Amino acid sequence: MTHSGPYELPGSVLDTLTPVSKRQVLNRRGSTVWEITTDGGRHAAKVGYPSATHAWTALAPAREGTILQQLSPGGVSYGDWEHGTWNIQPWHQGESLFDLWQPHRAEGASSEPDPGEALSCAEAVAALHATGWAHGDIQPAHLIISDERTALIDLALAYGGDIPTAYDFSYRGCLVHYESPEISRSVLETGTATPTMAADVYALGASLFISATGLRHVAYPDDASRKDQRQAIVKGPHRPVNVPGVLGKLIEAMLSPEPADRPRSAEICKELSSGH
Ligand SMILES: Nc1ncnc2c1ncn2[C@@H]1O[C@H](COP(=O)(O)OP(=O)(O)OP(=O)(O)O)[C@@H](O)[C@H]1O
Ligand SMILES: [Mg+2]
């Protein structure tokens, strides 16, 4: 029998930090996320356990913890608990891309998405790519925008460096609404895929598009099975990109079916900062 959580914070998390206050952010699909305030600042704690359909969700927090420590060790710890693994990482204050752009999706919206905000999302992706890692799960909820910068969170599925075997598991695609045709094809044919920087660029394009318009990159019914969704993505074409200006042109290029035709994340930053 699997338990659907949430569980209390494991003792090993409480041994690592002492909460002054805590708030459960979400509990779903084998993962509970907490925002924890301590005397030293704010942290996110992610606690994983096996979900009804997947065993890997139990390992995801430790896998992410090992990656975060390789990228920027400050404030990151991880470990095991009775039902899986956990991590602690710095809390990023801000609004997700999806929430920030809600006004553009509202009935009768007149304002257009800010290319500067899109640039800060692209910069977060490009900064990760510069380290040699692909994210593998870019989506509008994983881009947290503040006045100073955008944080790209949830590195549990990232690919590009060493992962301890005990915490590793194979990549079975990402949230289908952001999945590139080549990843969908591979998952349909073999059950797994390998995250790439080009697939991240596609996912960034699909994230900017849905946040600006409310539309998925490819049209499929809400109740379509995962398999049918992936088949629609492979078959294409993606929806026409009705976002104006340089941002719209870039999203169109990011959604190119051929990975080699997509701009690199650093090129997207360059285009958006030159603003033509
Ligand atoms: N470091 C962080 N700073 C701020 N918010 C965070 C942080 N980590 C997680 N969150 C919040 O918790 C939510 C879920 O986190 P995350 O995506 O990392 O977990 P998950 O278990 O993969 O959840 P999901 O199944 O939704 O992908 C995020 O969308 C965000 O709102
Ligand atoms: Mg997530």
Side-chain angles (χ1 to χ4, degrees), residues 2-7 9-10 13 16-17 19 21-38 40-69 71-78 81 83-102 120-121 124-125 127-128 134-158 167 169 171-179 195 200 203-204 206-207 210-211 226:
T2 51
H3 188 297
S4 61
Y7 293 93
L9 279 171
V13 171
T16 311
L17 43 77
S21 64
K22 61 183 164 69
R23 174 177 74 90
Q24 190 188 300
V25 179
L26 62 78
N27 174 67
R28 63 183 176 209
R29 299 190 292 258
S31 165
T32 311
V33 179
W34 300 81
E35 177 188 355
I36 298 183
T37 305
T38 67
R42 273 201 281 184
H43 314 264
K46 293 175 67 172
V47 179
Y49 52 91
S51 72
T53 48
H54 299 294
W56 63 263
T57 49
L59 298 176
R63 190 178 190 280
E64 181 182 31
T66 70
I67 296 166
L68 290 172
Q69 277 199 344
L71 291 172
S72 144
V76 177
S77 40
Y78 61 90
W81 70 293
H83 298 289
T85 66
W86 56 266
N87 76 47
I88 294 168
Q89 55 182 281
W91 180 263
H92 299 286
Q93 190 54 33
E95 238 185 317
S96 75
L97 172 65
F98 195 73
D99 289 348
L100 189 66
W101 283 11
Q102 196 281 330
S120 92
C121 293
V125 176
L128 179 68
H135 186 278
D137 192 16
I138 291 180
Q139 45 178 280
H142 290 165
L143 291 155
I144 309 282
I145 303 175
S146 70
D147 289 342
E148 299 87 53
R149 60 185 287 268
T150 292
L152 177 55
I153 62 162
D154 197 358
L155 287 145
L157 305 182
Y167 296 137
F169 49 85
Y171 180 70
R172 296 185 177 84
C174 58
L175 205 53
V176 186
H177 309 328
Y178 311 101
E179 206 166 81
D200 280 354
L204 176 64
S207 296
I210 203 170
S211 300
R226 288 272 168 76

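Just so it is clear, the structure is predicted and the values come from calculations on it, not from any experiment. Counting convention: from 1, in listed order, for ligands and their atoms alike.
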Classify the side-chain pair Ser146/His92 by whether it contains a donor and acceptor separated by less than 3.5 Å.
no

Considering non-hydrogen atoms of the protein only, which is the closest contact for atom 22 (O) of ligand 1, and what is the distance?
Asp154 OD2, 2.6 Å

Starting from atom 26 (O) of ligand 1, what is the nearest protein heavy atom, named by residue and atom, and what distance separates them?
Arg28 NH2, 2.5 Å

Within the structure provided, determine whether Tyr78 and Gln69 are in side-chain contact (heavy-atom separation under 4.5 Å).
yes

Where ligand 1 meets Ser31 - atom numbers and elements under 4.0 angstrom, heavy-atom basis
20 (P), 21 (O)

Do me a favour and list the nearest non-hydrogen protein atom to atom 7 (C) of ligand 1 with residue, atom name and distance?
Ala44 CB, 3.8 Å

Measuring only between side-chain heavy atoms, which start at C-beta, is Pro90 closer than 4.5 Å to Val76?
yes

Any idea which part of Lys46 is under 4.0 Å from ligand 1, heavy-atom wise: side chain, backbone, both or neither?
side chain

Would a 4.5 Å heavy-atom cut-off, applied to side chains only, mark Trp86 and Leu9 as touching?
no

Is the contact between Gln89 and ligand 1 made by the side chain, the backbone, both, or neither, using heavy atoms and a 4.0 Å cut-off?
side chain

Here the gap from Leu97 atom CG to Gln102 atom CD, rounded to the nearest 0.5 Å, amounts to 12.5 Å

Got a second to check how far Leu68's CG is from Arg63's CZ, nearest 0.5 Å?
11.5 Å

Residue, atom and distance of the protein heavy atom nearest atom 17 (O) of ligand 1 read His142 NE2, 2.9 Å

Heavy atom under 4.0 Å from ligand 1: found in Gln93's side chain, backbone, both, or neither?
neither

Let me confirm one number: the OG-CD1 distance from Ser120 to Ile144, rounded to the nearest 0.5 Å.
11.5 Å

Would you check the N or O atoms of Leu26, main chain and side chain alike, for any that come under 3.5 Å of an N or O of ligand 1?
no

Could you tell me the residue and atom name of the protein heavy atom closest to atom 31 (O) of ligand 1, and the distance to it rounded to 0.1 Å?
Val25 CG1, 4.3 Å

Gap between atom CD1 of Ile145 and atom OG of Ser96 - 0.5 Å precision:
7.5 Å

To atom 24 (P) of ligand 1, the nearest of Arg29, His43, Arg42, Glu35 on a heavy-atom basis is Arg29

Could you check whether any side-chain heavy atom of Leu143 comes within less than 4.5 Å of a side-chain heavy atom of Leu204, counting everything from C-beta outward?
yes

Are any of the N or O atoms of Asp137 closer than 3.5 Å to those of ligand 1?
no

Quick check: does Asp137 put an N/O/S atom under 2.8 Å from the Mg ion (ligand 2)?
no

Nearest non-hydrogen protein atom to atom 28 (C) of ligand 1, with distance, is Ile153 CD1, 3.7 Å

Atom name, Asp154 (N, O or S, nearest to the Mg ion (ligand 2))
OD2

Ligand 1 to Ala141, heavy atom cutoff 4.0 Å, flagged ligand atoms 29 (O)

Does an N or O from Glu64, backbone or side chain, lie closer than 3.5 Å to an N or O of ligand 1?
no

Counting from 1 in the order shown, the ligand 1 atoms closer than 4.0 Å to a non-hydrogen atom of Val33 are 9 (C), 12 (O), 14 (C), 15 (O), 19 (O)

Checking a contact table here: which protein heavy atom is nearest atom 6 (C) of ligand 1, and how many Å away?
Trp91 CZ3, 3.7 Å

Nearest 0.5 Å please: distance from the CD1 atom of Ile67 over to the CG atom of Leu155.
6.0 Å

Would His92 count as a polar contact of ligand 1, with the cut-off being nitrogen or oxygen pairs under 3.5 Å?
yes

Do Leu157 and Phe169 have side chains that approach each other closer than 4.5 Å (heavy atoms only, starting at C-beta)?
yes

Could you see which bit of Pro90 sits under 4.0 Å from ligand 1, with heavy atoms only: side chain, backbone, both or neither?
backbone

Once you measure the plane-to-plane angle for His83 and Trp81, does it fall in the parallel (<30°), tilted (30-60°) or perpendicular (>60°) bin?
perpendicular

Is the closest side-chain donor-acceptor distance between His142 and Asp154 under 3.5 Å?
yes

Considering only N, O or S atoms of His142, the one closest to the Mg ion (ligand 2):
NE2

